Amino acid sequence: MEEQFKEYAKLLVEVGVNIQPGQNLVIASPAECAWFARLCAQAAYDAGCREVIMDWNDGPLARMKYLHAADDVFDSYPGWRADFCNGFAREGTAHLIIAADDPENLKGVPQDRITRSQRSAGKALAEFRRLQMCNGFPWCIAAIPVPAWARKVFPDRSEEEAMSGLWSAILSAVRVQGRGDAVERWREHLDTLKTRVDKLNGLDLESLHYTNRLGTDLVIRLPEDHVWAGGNGVSAAGVPFIPNIPTEEIFTAPLKEGIDGVVYASMPLSHRGNLIDKFWMKVQRGKIVEVHAEVGEEALQAAISVDEGASYFGEVALVPYDSPISNQRLLFYETLFDENASCHLAFGEAYSECIKGGTEMSKEELKECGLNDSITHVDFMVGTADLSITGQTWDGREVPIFVNGNFVI
Ligand code: ZN
Ligand code: ZN
């Protein structure tokens, strides 16, 4: 497997954040994954990176803190830590985020502590977040297995078998086959996504109507100058990068107050260490006015109440039901993978690249265009094998976009 691990690390550094000679790289990684972070650091130096700066984290320690730290800890955010994040973002430093989480790491932790700490971090890291959402610096999120996660995905296997099962599922999802051609395969994949993005942008859609047998019946209006995007983003310095590896989605922003109807989730959502499952939402004039979840309803309520924008939508993403990830028919309990196996929506902040000229606009200008603003952005999956999406164009034509879960354009 050693060769595949190196190829994966190289892919994340050279295509994911697309590190440039002389550029700095921040790697955020669980301490447990230090060996893989080292492979990424080596790949970065090989590509001419100036300095790799490590930002370690640890799931079990985070859990311990939520359970035992003094209560006022969750209402503040360390200044030095804000300077670290905002400062590197301002300099255009590349950020590689290695995700490797126990999907239920924060199960049983007081929800109120999670929400308060998210609000404090949201305020302190506003600049980091603004720059991230407008591609001010190149960033890439990717994942590697850890035992607690692997056991959740393969509960019937031994730890060792679960780990190797999750590794092969991930490597196949990210097109790393140990033949040294992952970078090449990604270029082809990005071309395919771009062709579809161009088609959607050519349609000039006014709205989308989602229906399926789960009960989803939702109309989503789009801003007049919306832009579909997918595959790579382009940083402020003009360098292409891929925010998520894998990525199969084509996405845009909805009109903040332009969504009405009912939407059912098609997969569980692991959000901030809590599992939310079998849920649906009622939406009126863009606002989520009612939610029900058989599992994790409290966590879902909290997630949409973090701030005003958290109960409005920020993303509409199309993923064919027959994508390489969804064809594995595996529930990853990790949004990075599950969202690329299914059409999804996100409540919370919209990406400014989803509106013409948006990356140059102020928050106020983005709001005027109808884009939602929030400190949060949470994707959840809505795609099913029978999902139908019909588009309505500005000149009144009806265009089938999805039939039986797959693109028909
Ligand atoms: Zn998405
Ligand atoms: Zn998203």
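Just so it is clear, the model here is predicted, and its values are computed rather than measured.
- Interatomic distance, His226 NE2 to Leu255 CG, rounded to the nearest 0.5 Å: 11.0 Å.
- For the residue pair Ser235 and Asn135, no side-chain donor N or O sits within less than 3.5 Å of a side-chain acceptor on the partner.
- Side-chain atoms of Asn406 and Asp322 form a donor-acceptor pair, as typed in the model, at a separation below 3.5 Å.
- Looking only at distances, no side-chain donor or acceptor of Asp181 sits under 3.5 Å from a matching main-chain atom of Glu184.
- Of the listed residues (Met281, Glu349, Lys256), just one forms a side-chain contact (heavy atoms from CB on, under 4.5 Å) with Phe313, and that residue is Met281.
- Lys287 NZ: more than 12 foreign heavy atoms inside a 6.0 Å radius.
- At least one side-chain heavy atom of Phe407 sits under 4.5 Å from a side-chain heavy atom of Leu200.
- Of the charged side-chain nitrogens involved, at least one lies within less than 4.0 Å of a carboxylate oxygen, so that Arg175 and Glu248 count as a salt-bridged pair.
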Requested in this report: Go through the steps to decide whether Glu339 and His344 satisfy the test side chain to side chain donor-acceptor pair (under 3.5 Å), and finish with yes or no.
Outcome: CA-CA 6 Å; Glu339 72 169 345; His344 56 271; 3.2 Å; yes

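- Using a cut-off of 4.0 Å between Lys/Arg side-chain N and Asp/Glu carboxylate O, Arg130 and Asp373 are scored as not salt-bridged.
- No donor-acceptor pair under 3.5 Å is formed between the side chain of Thr216 and the backbone N or O of Arg213.
- Applying the 6.0 Å contact sphere to CZ of Arg329 captures more than 12 heavy atoms from other residues, nucleotides or ligands.
- Annotation: Glu290, atom CD; neighbour count of heavy atoms from other residues, nucleotides and ligands within 6.0 Å is above 12.
- Note that CG of Leu222 and CD1 of Ile220 are 7.5 Å apart. Values are rounded to the nearest 0.5 Å.
- Residues Tyr8 and Phe36 place their aromatic rings such that the two centres sit under 6.0 Å apart.
- The CD1 atom of Ile389 sits 10.5 Å away from atom CG of Leu205, with the distance rounded to the nearest 0.5 Å.
- Ring centroid separation for the pair Phe74 and Tyr66 comes in under the 6.0 Å cut-off.
- A perpendicular orientation is assigned to the rings of Phe128 and His95, their planes being inclined by more than 60° (bins at 30° and 60°).
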**Report entry** Criterion side chain to side chain donor-acceptor pair (under 3.5 Å) on Asp379 and Thr335, from CA distance to verdict
**Finding:** CA-CA 7 Å; Asp379 297 279; Thr335 301; over 6 Å; no

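- Enclosure of atom NZ in Lys10 is not indicated, since only 12 or fewer non-hydrogen atoms of other residues, nucleotides or ligands lie within 6.0 angstrom.
- For Trp167 and Phe5, the distance between ring centers is under 6.0 angstrom.
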**Report entry** Arg81/Asp83 under salt bridge (charged side-chain N to carboxylate O under 4.0 Å, His left out): CA gap, chis, key distance, verdict
**Finding:** CA-CA 5 Å; Arg81 175 86 202 146; Asp83 289 344; over 6 Å; no

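- Between the side chain of Asp260 and the backbone N or O of Arg285, at least one donor-acceptor pair lies under 3.5 Å.
- In this structure a side-chain-to-backbone donor-acceptor pair under 3.5 Å is present from Glu334 to Leu336.
- Of the inter-residue distances, the one linking Lys123 atom NZ with Asp75 atom CG reads 8.5 Å to the nearest 0.5 angstrom.
- At a threshold of 4.0 Å, the pair Asp71-Arg113 counts as salt-bridged, since one of the basic side-chain nitrogens sits closer than that to a carboxylate oxygen.
- Ring-plane geometry between Tyr351 and Trp139 is classed as parallel, the angle between the planes falling under 30 degrees on a 0 to 90 degree scale with a further cut at 60.
- More than 12 heavy atoms of other residues, nucleotides or ligands shown are found within 6.0 angstrom of NZ on Lys363.
- Although no hydrogens or angles enter the test, the distance criterion places no donor-acceptor pair under 3.5 Å between the side chain of Glu249 and the main chain of Val319.
- Of the possible donor and acceptor atoms, none in the side chain of Thr247 sits under 3.5 Å from a partner among the backbone N and O of Pro243.
- Asp386 places no side-chain N or O within donor-acceptor distance of the main-chain N or O of Leu214, the cut-off being under 3.5 Å.
- With hydrogens and angles ignored, the 3.5 Å screen pairs a side-chain donor or acceptor of Thr252 with a backbone N or O of Val227.
- A side-chain donor-acceptor contact under 3.5 Å links Glu365 to the backbone of Ser362.
- For the pair Arg196 and Asp198, the salt-bridge criterion is not met [side-chain N within less than 4.0 Å of a carboxylate O].
- Shown here for Leu166 and Ala150, the closest heavy-atom pair between the two residues is CD2-CA, 3.7 Å.
- Around the CD atom of Glu298, the shell of radius 6.0 Å holds no more than 12 heavy atoms that belong to other residues, nucleotides or ligands.
- By the 4.5 Å heavy-atom criterion applied to side chains, Cys140 and Asn244 are not counted as neighbours.
- When the side chain to side chain donor-acceptor pair (under 3.5 Å) test is applied to Gln23, no partner is found at least two apart in sequence or on another chain.
- Remark: side-chain polar atoms of Asn274 are not paired, donor with acceptor, to backbone N or O of Ala299 under 3.5 angstrom.
- Judged by distance alone, the side chains of Asp217 and Thr211 never bring a donor and an acceptor atom under 3.5 Å apart.
- Residue Ile242 forms a side-chain contact (heavy atoms from CB on, under 4.5 Å) with just one option from Ile141, Asn18, Asn232, Leu11, and that option is Asn232.
- Here the two rings, on Phe402 and Tyr210, have centers that are 6.0 Å apart or farther.
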